[in-house]
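Predicted model, so just to flag it, every value in this text is computed and none were measured.
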Amino acid sequence: MGTPHRKTRGGLTLALLFLACGCGGALQDTPSPFDERGGTTSLELSVDNQNFNNVRLTVESIRGRRMVGRVSGSSRGTFRIPWAGVHELTIRIEILSGGEYVSNRVTASAGDRLELLVASDPRSSVLRRRR
């Protein structure tokens with residue numbers, strides 16, 4: 001008579017364990033507004049390449065360098081860049097037919113939207129925060 005009771009008790013314990021694990025997982029997926037790791041962890045970079053040549057873009061900051069991508073000549077592109085904290089950055093503009101240029105310095109934090117205008121003369125390129 002003791003055996004059926006143990007199976008029911010064990011099954012109930014197992015069911016409660018699965019329920020507790022499921023609830024715990026749901027709580028972890030909800031970001032806390034006070035947790036710096038939650039929420040937006042990237043920048044958006046919009047590029048308007050007014051140069052006829054293709055360009056390769058690299059973000060440079062105290063955190064290091066990160067290849068962003070390429071934009072064809074006379075076209076536009078938008079990129080998401082993983083980002084955390086508040087740091088100054090520049091964009092290295094490599095003209096694929098030759099020559100490298102560095103944009104002006106901008107302070108950015110996660111969630112910011114930046115805009116890079118690659119001018120026909122790359123020395124006149126401008127990086128700014130979008131409003």
Side-chain angles (χ1 to χ4, degrees):
M1 186 113 181
T3 307
H5 180 64
R6 284 187 191 161
K7 286 183 182 177
T8 305
R9 185 174 174 198
L12 181 59
T13 303
L14 189 59
L16 289 174
L17 179 62
F18 282 127
L19 182 62
C21 289
C23 290
L27 291 176
Q28 290 175 347
D29 291 344
T30 306
S32 166
F34 303 106
D35 184 358
E36 291 182 7
R37 294 171 297 179
T40 305
T41 58
S42 65
L43 298 174
E44 180 181 288
L45 175 65
S46 296
V47 180
D48 181 3
N49 184 4
Q50 296 181 354
N51 192 288
F52 291 108
N53 297 302
N54 298 342
V55 295
R56 181 173 28 218
L57 306 170
T58 305
V59 173
E60 298 180 345
S61 73
I62 61 169
R63 299 173 57 201
R65 291 181 176 186
R66 177 178 289 268
M67 169 71 167
V68 174
R70 295 179 185 208
V71 180
S72 299
S74 302
S75 66
R76 296 173 183 259
T78 301
F79 304 93
R80 284 235 174 262
I81 304 165
W83 199 259
V86 178
H87 304 284
E88 290 185 335
L89 66 92
T90 59
I91 305 290
R92 179 169 297 279
I93 304 163
E94 181 183 347
I95 306 295
L96 295 181
S97 64
E100 287 189 8
Y101 305 89
V102 178
S103 74
N104 54 298
R105 188 171 302 277
V106 171
T107 301
S109 61
D112 283 350
R113 295 168 50 195
L114 305 177
E115 185 174 72
L116 175 66
L117 170 67
V118 179
S120 55
D121 177 359
R123 293 174 291 193
S124 301
S125 297
V126 177
L127 175 65
R128 65 181 178 202
R129 287 175 46 189
R130 286 174 43 187
R131 303 276 171 206

With a cut-off of 3.5 Å and sequence neighbours excluded, list every side-chain donor-acceptor pair involving residues 116-126.
from   : atom 1 : to     : atom 2 : distance (Å)
Asp121 : OD1    : Arg123 : N      : 3.3
Asp121 : OD1    : Arg123 : NE     : 3.1
Asp121 : OD2    : Arg123 : NH2    : 3.2
Ser125 : OG     : Ala119 : N      : 3.3
Ser125 : OG     : Pro122 : O      : 2.9

(message) Holding to side-chain contact (heavy atoms from CB on, under 4.5 Å), I want the full list of residues that pass it with Arg63, two or more places apart in sequence or in another chain.
(response) Ser61, Trp83, His87
(request) Check which hydrophobic residues are tied to Val102 through side-chain heavy-atom contacts below 4.5 Å, counting indirect links as well, and list them. (result) none
(request) Indicate yes or no: at least one non-hydrogen side-chain atom of Arg113 is less than 4.5 angstrom from one of Arg129. (result) no
(request) Could you pull out all residues at least two apart from Arg105 that satisfy side chain to side chain donor-acceptor pair (under 3.5 Å)? (result) none
(request) Please tell me if the side chains of Leu43 and Leu45 come closer than 4.5 Å, counting only heavy atoms from C-beta onward. (result) no
(request) Under the salt bridge (Lys or Arg N to Asp or Glu O under 4.0 Å) rule, collect the residues that match up with Glu60, sequence neighbours excluded. (result) Arg65, Arg92
(message) Applying side chain to side chain donor-acceptor pair (under 3.5 Å), can you list everything that pairs with Thr107, at least two apart in sequence or on another chain?
(response) none
(message) Tell me every residue that passes side chain to side chain donor-acceptor pair (under 3.5 Å) with Arg56, counting only those two or more places apart in sequence or in another chain.
(response) Glu94
(request) Mind checking salt bridge (Lys or Arg N to Asp or Glu O under 4.0 Å) for Arg76 and listing every partner two or more places apart, or none if nothing turns up? (result) Asp48
(message) Do Ile81 and Leu89 have side chains that approach each other closer than 4.5 Å (heavy atoms only, starting at C-beta)?
(response) no
(request) Tell me, please, which residues at least two apart from Arg66 pass salt bridge (Lys or Arg N to Asp or Glu O under 4.0 Å). (result) none
(request) Give me the other members of the hydrophobic cluster that Val86 sits in, counting Ile, Leu, Val, Met, Phe, Trp and Tyr linked by side-chain heavy atoms under 4.5 Å, directly or via other members. (result) none
